[in-house]
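Quick notes on the structure that follows.
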2 protein chains.
Amino acid sequence: MDERRTDTREQIRTIALELFAEHGYDKTSLREIAERLGVTKAAVYYHFRTKEEILVSLIEDFLREVDDIVGWAASQPAGPATRNGVLLRYSDLLEGRTTQLTRFLQEGQASIRDLAAGAEMRKRIESLVGILSVADGAEEARLRARVALITLHIGSIAGPDSEATDRQRRDAALRIAQELVGR
Amino acid sequence: MDERRTDTREQIRTIALELFAEHGYDKTSLREIAERLGVTKAAVYYHFRTKEEILVSLIEDFLREVDDIVGWAASQPAGPATRNGVLLRYSDLLEGRTTQLTRFLQEGQASIRDLAAGAEMRKRIESLVGILSVADGAEEARLRARVALITLHIGSIAGPDSEATDRQRRDAALRIAQELVGR
DNA sequence: GTCTATAAGGTGATAGAC
DNA sequence: GTCTATCACCTTATAGAC
């Protein structure tokens, strides 16, 4: 019954994600996180042993959801319908709460590159790329798959052109991604 | 005749670019740059007043070359041929020496975002997006243009699939980009 | 479970000698 | 033109009181 340890831990995660998405991981300090939450740095260290551990806990949520998608795809016959299903599911994943994380993952790759969690992320992306590639081993097919995923990322992040709604941007990105992996 | 002030300044730029591309801007310290060059930090500060100034001088080279492309496009009639010309020129720009900068710009967006040079970069990208958009004002067209540029970036950075040559990757990226902005 | 106090070290940057 | 020495500050992280 040690469920729900207080929600301080969850609040730290929420604030950290906000700040990571806003200024990047490197430029966000523990002092900033603690201050924004109204506690001391030591309080943060009670819940997470290192700064990196906060990031890892955030990324792990994302990895689990990607694993679900990869797992689903493995249970389906390879083909256009499955590829399309993967794109749809991945697009849904990037919506809502995950959008901040998406922005952070897309813009802050340099911060994550050398971390263990970064290697794990790359593995998952490679799994998706493998599934989304029309022709196995063909270089262009893999590049297309990679670009399709990035398109969904870009589509989920608000751009400088504020005219379109989130939904319009997301749908446009999905159409482009579908086209890229060959409908 | 104060041409060629010693090439120390140029060496600092070269090493800094290497390190920025490798570890990111934030994680690269002046100490690291100075040590790699075999001089002291103070020596670096003689040539650049701040760390940011090193980065800015690197980015400015890139901006100038993008400006050339934008200028060329302005002198051409709008249409598929001009769009294709822009893609070709931009792809060439990303080749060779600029590849390190490309990687840095693509992966280290978070570091640059809040800098004045970052705002300048975004302006230039927006110019290119405007030129590459088939239909003015259409959201999907702009997204397509944006993705086309990113595709060229990705194509110029070596991926985890080492089988293909640089040229093959670059050409594949160019084909995809051309398709995205409607040939 | 959260605090104060502090450690240990790295950072960007400057002043002034050589 | 490059050095040594140093500053002021911020960082992540820990020990131990409350």
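Below, read A as the first sequence line, B as the second, and so on, with proteins coming before strands; counting in each chain starts at 1.
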>> From CG of A:Leu37 over to P of C:dG1, roughly how many Å is that when rounded to an integer?
In response: 15 Å
> For A:His23, what residues pass the ring pair (Phe, Tyr, Trp, His ring centres under 6.0 Å) criterion, not counting sequence neighbours?
Replying inline: none
>> Distance check needed: C:dT14 C1' versus B:Phe48 CZ, whole Å only.
In response: 18 Å
> Atom CD of B:Glu53 and atom C1' of C:dA13: how far apart are they, to the nearest Å?
Replying inline: 13 Å
>> Tell me every residue that passes salt bridge (charged side-chain N to carboxylate O under 4.0 Å, His left out) with A:Asp171, counting only those two or more places apart in sequence or in another chain.
In response: A:Arg167
>> Check this one for me: any side-chain N or O of B:Tyr46 less than 4.0 Å away from OP1 or OP2 of D:dG1?
In response: yes
> So, do A:Val39 and A:Ile12 sit near enough that their side-chain heavy atoms are less than 4.5 Å apart?
Replying inline: no
>> Walk along nucleotides 9-14 of chain D from 5' to 3' and tag each nucleotide B, S or - by protein heavy-atom contact under 4.0 Å, base first, then sugar-phosphate.
In response: --SBBB
> Should B:Thr82 and B:Trp72 be marked as a side chain to side chain contact (heavy atoms under 4.5 Å, CB included) after you check the CA-CA gap, both sets of side-chain angles, and the distance that decides it?
Replying inline: CA-CA 9 Å; B:Thr82 299; B:Trp72 173 82; 4.0 Å; yes
> What integer distance in Å separates B:Arg9:CZ from D:dT2:C1'?
Replying inline: 17 Å
> Would one find a side-chain N or O of A:Thr40 under 4.0 angstrom from OP1 or OP2 of C:dC3?
Replying inline: yes
> Between B:Leu105 and B:Phe62, does a side chain to side chain contact (heavy atoms under 4.5 Å, CB included) hold up when you go through it step by step?
Replying inline: CA-CA 10 Å; B:Leu105 292 175; B:Phe62 185 78; 4.0 Å; yes
>> Could you report the tightest heavy-atom contact between B:Ala110 and A:Gly108, atom names first, then the distance?
In response: CB-CA, 4.2 Å
